[in-house]
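Letters A, B, ... mirror the listed sequences (proteins, then strands); counts begin at 1. Please read these numbers as outputs of a predicted model, since none were measured by experiment.
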Protein chains: 2
Amino acid sequence: MTTPAQGLHSHVLATLGLAITAGEYPPGTVLRTDELAQRFDVSRTVVREVVRVLESMHLVESRRRVGVTVLPTASWNVYDPQVIRWRLAGADRPRQLRSLTVLRSAVEPVAAGLAAENATPEQCRELTEHALGMVATSRGRRLEEYLVHDIAFHRVVLNASGNEMFARLGDVVAEVLTGRTHHHVMFEDPDPAAVTLHVQVAEAVRERDAARAEELTRQIAVGALQELDVLAP
Amino acid sequence: MTTPAQGLHSHVLATLGLAITAGEYPPGTVLRTDELAQRFDVSRTVVREVVRVLESMHLVESRRRVGVTVLPTASWNVYDPQVIRWRLAGADRPRQLRSLTVLRSAVEPVAAGLAAENATPEQCRELTEHALGMVATSRGRRLEEYLVHDIAFHRVVLNASGNEMFARLGDVVAEVLTGRTHHHVMFEDPDPAAVTLHVQVAEAVRERDAARAEELTRQIAVGALQELDVLAP
DNA sequence: GGGAATTAAAAGTACTACTTTTACGTCACA
DNA sequence: TGTGACGTAAAAGTAGTACTTTTAATTCCC
C-alpha cells in the first residue's frame, strides 16, 4: 500500500511507523502482536522485530499481559531521521517544518562560525561551487537543481564545522529543504536575497571570518523563518 | 556483566550496543547471528530482535549471506538518547561531552529566548525555584542535589521554549550534566558566576526579556565550554 | 469491604524447519 | 589471460509451534 519494500520487516515497519506518527492511533491505543501479524499477513516473528524497533524509537511500549501501547508524541525520538521522514510525510508537516526550521536557525549559524575556523580548502571550494550553482539555477524554474545545490551547501557547512552532532543534522536539513520545496511555491524562483547570502557565507568561510559567517547564516535562517510565517498558518 | 536487566533482549542489546559504541568492533567487523546467540546463550530470535534495533540506530547493517556488519561512526544515530548514554559510558566520553556541549551552546540560548516569550507562569515559578535551589546547594559538597536542580532548570527552559525539537534535548542535557558532574571535579563546588547567571536567566524569562535571557544563557554556555577546555585534553 | 489466591491473556523465549538472497568459486569460452 | 555465465553454499529472512513468564483482572474468603 505505502511502500513495496524489499523484505516484510521494512514494509510492516514503514506502514506502522507512518500510521503511528500520523496520529492514526491515539496515544494509549493498544495493539496486539497476533492481531498485527494477522492484519499484515506475516508471522509474529516479523511483527515482534518491528515492535522492538518502534519501541527503540519510543513510539510504542510493549508490556506483558497488556500489549503494545502507543506512546504520546512527547516521548518520541523526534531526532530519528526515520521518524522525521514519517512525520514530514504525514499530516502535521507544517508544524514539523516549523520546529525543524527553528532548530536550524539555532544550529546553523554556530556551525557556520565553526566552519570558518575549521573548513579545509577542499570544503571551501565545494562551498563556493554550490553557492555559484545556486546562483546559476536560481532563475527559470530550475528549482530541483537549485535544491540539490542548496542541500549540498548546508551539508558542507555542517560537516566543516567539525562537530559531529552538527554534521549529523545534514539529513534533517535535507529533509526540511526538500519538504519545503516540494510543498509550497514549486513554481516560483527562490529569494534572490537568500542566494546572495549563501555566496557571501562561502566567502566569509573562505576568508576565515567566523563572526561574519555566523551573522550571515543567521540572516539566512531569519529569512527562512519569515518565509515560513508567510506561507504557513 | 554490564547490566542485570529484566529481559534477555535488554541485556544483549545493552552489552552489544555498549561494545560497538565503545569501538570494540571496528567498522567493517562482521558478526553472525548464530554466533552471537551462542555467545550470549540466547536464542537466535532474541539476537535478531537486538540486531534489528541496532540496525535502526545505524550502528550495524545486516545483509544476507554476509552477516551483521558494524558501521562507521559517521552513520550512527548520535541523537538517540540510548546511543548517547552508551558513548558517554565508554572510552571517548571527553570528545562526546565536547560535541554535546557545543550543541548546547548553540541551542540553549535560542531556547531561552523563546522561553521568555512563551513560558507559562507555572514554568516561571519552577525556573525560579530551581535557580534558588542551585544557589542553596552550590556550597558545601552538595553536588548531587545541585545537579538535580541544574538539570531541572535546563529542562524547564527547553520545554518552555515551546519547540518540540528543543524540548527533546532535555534528556541530552541531563546526560551531559550528569556525565560532567560524575567525571571531573566531584569534590569542588560549582562556579559561583554560573549560579548567578542561572538566577538572572530565571529573572529575564519572568520579565519576558527574550534578548537578555538569550544573552545570559549564551554566557552560561561559554562558561561551560571554557570549563571543558580547562579540564579536558 | 478489603485483601489474598486464582485465572487467563498477552508478551517473551526457544527451537526447528524452510526460503531467499547473494558472495564466491568454478568452469567454459573467447 | 581475462571475462562472463553458472552453480553452490552460507547466512539472514520467514514461518510456525510449543512453552514460560509476567501481570491485570477476577474471584473468593475472611
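- Using a cut-off of 4.0 Å between Lys/Arg side-chain N and Asp/Glu carboxylate O, Glu164(A) and Arg87(B) are scored as salt-bridged.
- Nearest-nucleotide positions on DNA chain C place Leu31(A) closer to the 5' end than the other of Leu31(A) and Thr45(B).
- Remark: Glu129(A) engages Arg125(A) in a salt bridge, criterion side-chain N to carboxylate O under 4.0 Å.
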### Task
Apply the test side-chain contact (heavy atoms from CB on, under 4.5 Å) to residues Val173(A) and Glu108(A): give CA-CA distance (whole Å), side-chain angles for both, the deciding distance (0.1 Å), then the verdict.
CA-CA 10 Å; Val173(A) 172; Glu108(A) 293 202 78; 4.1 Å; yes
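- For His9(A), the side chain to side chain contact (heavy atoms under 4.5 Å, CB included) partners are Leu13(A), Glu49(A), Val50(A), Val53(A), Arg52(B), not counting sequence neighbours.
- Not one side-chain nitrogen or oxygen of Arg65(A) sits closer than 4.0 Å to the OP1 or OP2 atom of dT7(C).
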### Task
Determine which bases of DNA chain D form Watson-Crick or G-U wobble pairs with both distances under 3.5 Å, and write the result as a 5' to 3' dot-bracket string with | for other-strand partners.
||||||||||||||||||||||||||||||
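- At a threshold of 4.0 Å, the pair Arg155(B)-Asp171(B) counts as salt-bridged, since one of the basic side-chain nitrogens sits closer than that to a carboxylate oxygen.
- At the heavy-atom level, Val51(B) lies nowhere under 4.0 Å from the strands shown.
- For Thr33(A) and dA10(C), the shortest distance from a side-chain N or O to OP1 or OP2 is not below 4.0 Å.
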Taking only N/O atoms, report every protein-nucleotides 18-20 of chain D pair under 3.5 Å with atom names and distance.
none

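- Aromatic ring centres of His149(B) and His198(B) lie farther apart than the 6.0 Å criterion allows.
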